[in-house]
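Okay, structure first, notes after.
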Amino acid sequence: MAKNEKRNSITIEGKTYYFHKIIWEDIVGDSTIASIDEFHKMKTAIIISFAYIFKQEKGYLYTFASYSDDGHFGDRNIIPMGCVKSTHKH
């Protein structure tokens, strides 16, 4: 394993997880009254998350950003793959 990969990975209960920079598109909502011009200017948000990838399956990316020594995961998210723009080991 490359030195950089070893530094950017963790092993929990025998499984190695890698730290990634994940760029994904998120919904933006607004419940105020707006003009047509304001509505045309509305855009989705491009989000940058830094997290470990737990797994990818059935069109979803499962991530976590914290963990405990006894094998529990925190700061968990499930992102639809259709929203993911890119992932890069970090």
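As a basis for the values below, the full set of heavy atoms in this structure was taken, side chains included, without hydrogen atoms, waters or symmetry mates.
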- Item | Heavy-atom closest contact (Ile12 atom, Gly71 atom, distance) |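 The answer is CG2-CA, 3.8 Å.
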- Query: Which pair of non-hydrogen atoms, one from Lys43 and one from His40, has the smallest distance, and what is that distance?
  - Reply: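 Closest heavy-atom pair between Lys43 and His40: NZ-O, 3.9 Å.
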- Task: Could you tell me whether Ile46 atom CD1 has more than 12 heavy atoms of other residues or ligands within 6.0 Å of it?
- Result: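 Result for CD1/Ile46: enclosed.
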With sequence neighbours left out, what residues match [X] under side chain to side chain donor-acceptor pair (under 3.5 Å)?
X	result
Glu25	Thr44, Lys85
Asp75	Ser66
His72	Asp70

- Message: Between Ile48 and Lys21, does the side-chain contact (heavy atoms from CB on, under 4.5 Å) criterion hold? Intermediate values first, please.
- Response: CA-CA 7 Å; Ile48 299 171; Lys21 177 181 181 180; 3.8 Å; yes
Side chain to side chain contact (heavy atoms under 4.5 Å, CB included) against [X], all qualifying residues, sequence neighbours excluded:
X	value
Ser31	none
Tyr62	Phe54, Lys55, Glu57, Tyr60, Ile78
Ser35	Asp37, Glu38
Thr32	Asp30

- Message: Between Tyr17 and Tyr52 (judged by ring centroids, cut-off 6.0 Å), do the two rings come close enough to count as a pair?
- Response: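 No, the ring of Tyr17 stays outside the 6.0 Å limit from the ring of Tyr52, centre to centre.
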- Given Lys89, His88, His90, the one that forms side chain to side chain contact (heavy atoms under 4.5 Å, CB included) with His20: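 Between His20 and the candidates, side chain to side chain contact (heavy atoms under 4.5 Å, CB included) is satisfied uniquely by Lys89.
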- Regarding Thr16 and Thr11, is there a side-chain donor-to-acceptor distance under 3.5 Å anywhere?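 Yes, a side-chain donor-acceptor pair sits under 3.5 Å.
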- Message: Test of understanding: with ring pair (Phe, Tyr, Trp, His ring centres under 6.0 Å), list the residues that count as partners of Tyr67, not counting sequence neighbours.
- Response: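 For Tyr67, no residue satisfies ring pair (Phe, Tyr, Trp, His ring centres under 6.0 Å) once neighbours in sequence are set aside.
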- Message: Using a 4.5 Å cut-off between side-chain heavy atoms of Ile, Leu, Val, Met, Phe, Trp and Tyr, which other residues end up in the same hydrophobic cluster as Ile47?
- Response: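 Ile47 clusters with Ile22, Trp24, Ile53, Leu61, Ile79, Met81, Val84.
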- Task: Could you work out the complete set of other residues in the hydrophobic cluster of Val28, with links drawn between I, L, V, M, F, W and Y side chains under 4.5 Å apart?
- Result: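 Traced through the cluster, Val28 reaches Phe39, Met42.
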- Message: Using 0.5 Å steps for rounding, measure from the CD1 atom of Ile10 to the NZ atom of Lys15.
- Response: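 Output value for this atom pair is 10.5 Å.
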